[in-house]
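Before any comments, here is the structure.
One-based numbering, in listed order, for ligands and for the atoms of each. The shown structure was predicted, so the numbers you read here are calculated from the model rather than taken from an experiment. Basis for what follows: all heavy atoms, side chains included, without hydrogens, waters or symmetry-related copies.
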Amino acid sequence: MVGPVAFKDVHKEEDDRICPPEEYADIISTLPSFESSGLRVRLYQGVWLLDHVVPGIMALQRRHKPQLGDVVLASPPKSGTTWLKALSFAVMGRAAYPPSDADHPLRRLNPHQCVPFMDNLFSAGQEAKLDALPSPRLLHTHAHHSMLPPSIADCKIVFVCREPKDMLVSMWHFVRSSGSSDFPFSALFELACEGKNPYGPIWDHLLGYWSVSRATPERVLFLKYEEMLVDPVSTVRELARFLGVPFTSVEEAAGWPADIADMCSIDALRGLQANKTGNTGLFFKCSHQSFFRKGVAGDWVDHMTPEMARRIDAIVEEKLRGSGLTFTS
Ligand code: A3P
């Protein structure tokens, strides 16, 4: 298997014209919605989505054209998406780009320029860009499993999630770094407790992928950010096995699993010129730098009172009860 090819290498010219699909406007206007910090959020199929994302998910559901060998990465926002994109790209692409390659795409591009975000591409009417990517494609979505089109059912899916309190803290910093400096953490926290944060409820997001990964582990790999932090090299091996390209004894002897983990570590990525400068995103421009903040577990202690932590822990625990899915924090 050769590839995947970095999205940015196929679409070198910036063409960020936004032509949202108009045909769903009537349905969308009937969906329950509310406004928070100037942004409208709508409930579509049980999931709270930022307004601009709704037509994108609808178009994804109706128009997505799968290709043999597609791999879909999925995650709640701020749960290690950037890291998973880098690791998966490096693992899948290692025949074409060995981890020691000075010109490796991950050394000259931000991981989000390597792996496209389907939700926004469909929202912007730019999904034809996906058709131009050669197979095997590596694609990403924040959609819940219940929202994915049946055409994705044959793809392998890798899902990464994160302890919810840390995910929220990361989301808050990200929103602030994107310009909303007057958005208090308490506002996001309340939304999350009610299941109304972007792509929430968190617990439904988790449980959807969790139950398919338990029923069909050969199709959905369920990763936890905190476990990846403890042993990134094992995660690299796990990804390679799941994707059907386990490391050969020659690659093991050459130290490739550790080399890939090192290349994709937050310190290595953060230090690259490609990640210190530039920005990404169609609807909101996010600086590449903003995707690499702390990258640790347990940062919530500096943002939440013990009472807030107890409250959200209790909600999440109750929602996940009986599923076998737990988080230690
Ligand atoms: P923090 O804000 O807690 O530091 P996403 O990629 O889904 O947007 O998630 C961003 C979070 O992942 C941020 O968390 C970021 O620092 C962390 N992150 C990004 N790259 C990482 C890497 N290579 N290793 C570990 N964490 C990483």
Side-chain angles (χ1 to χ4, degrees), residues 50 53 72-91 99 104-107 109-120 138-143 158-178 180 183 185 188 192 197-200 202 205-206 209 223-236 239 257-272 274-276 279-281 283-304 327 329:
L50 288 177
V53 178
V72 174
L73 307 180
S75 59
K78 311 322 291 176
S79 296
T81 314
T82 315
W83 194 12
L84 180 64
K85 283 186 177 187
L87 290 171
S88 309
F89 187 89
V91 165
H104 195 292
L106 287 168
R107 293 201 169 88
L109 298 171
N110 176 268
H112 295 280
Q113 296 175 308
C114 295
V115 182
F117 178 36
M118 290 193 287
D119 313 12
N120 272 3
L138 196 46
L139 310 168
H140 170 251
T141 182
H142 284 316
V158 184
F159 179 75
V160 66
C161 65
R162 188 174 190 184
E163 194 284 313
K165 297 192 295 305
D166 278 345
M167 184 203 108
L168 286 177
V169 166
S170 182
M171 187 177 289
W172 180 68
H173 281 285
F174 189 69
V175 171
R176 280 167 58 90
S177 73
S178 312
S180 299
F183 184 48
F185 179 72
L188 178 62
N197 57 291
Y199 287 97
I202 300 170
H205 211 159
L206 300 170
Y209 287 96
L223 298 174
K224 288 183 184 167
Y225 179 86
E226 293 72 23
E227 292 175 359
M228 291 166 63
L229 280 180
V230 171
D231 191 350
V233 182
S234 292
T235 303
V236 169
L239 265 174
D259 289 350
I260 288 177
D262 287 348
M263 176 174 65
C264 300
S265 71
I266 191 162
D267 289 338
L269 292 178
R270 187 195 274 129
L272 296 169
N275 295 323
K276 285 185 192 167
N279 54 51
T280 199
F283 293 86
F284 302 104
K285 291 284 173 207
C286 311
S287 73
H288 290 160
Q289 213 173 12
S290 66
F291 289 98
F292 308 96
R293 196 181 62 94
K294 278 193 174 176
V296 299
D299 195 31
W300 63 266
V301 290
D302 291 331
H303 298 78
M304 290 186 200
F327 290 94
S329 49

Check whether any side-chain heavy atom of Ser177 sits under 4.5 Å from a side-chain heavy atom of Arg293, and report yes or no.
no
Between Asn110 and Phe292, is there a side-chain heavy-atom distance shorter than 4.5 Å?
yes
Side chain to side chain, Phe284 and Ser178, heavy atoms closer than 4.5 Å
no
Expected contact list for ligand 1 at under 4.0 angstrom, heavy-atom basis, is Lys78, Ser79, Gly80, Thr81, Thr82, Trp83, Arg162, Ser170, Tyr225, Cys264, Ser265, Ile266, Leu269, Phe291, Phe292, Arg293, Lys294, Gly295
What I want to check is whether the side chains of His142 and Thr81 have a donor and an acceptor closer together than 3.5 Å.
no
Parallel, tilted or perpendicular: which one describes the rings of Phe159 and Tyr209, with boundaries at 30° and 60°?
parallel
Can you label the angle between the His112 ring and the Phe291 ring as parallel, tilted or perpendicular, going by 30° and 60°?
tilted
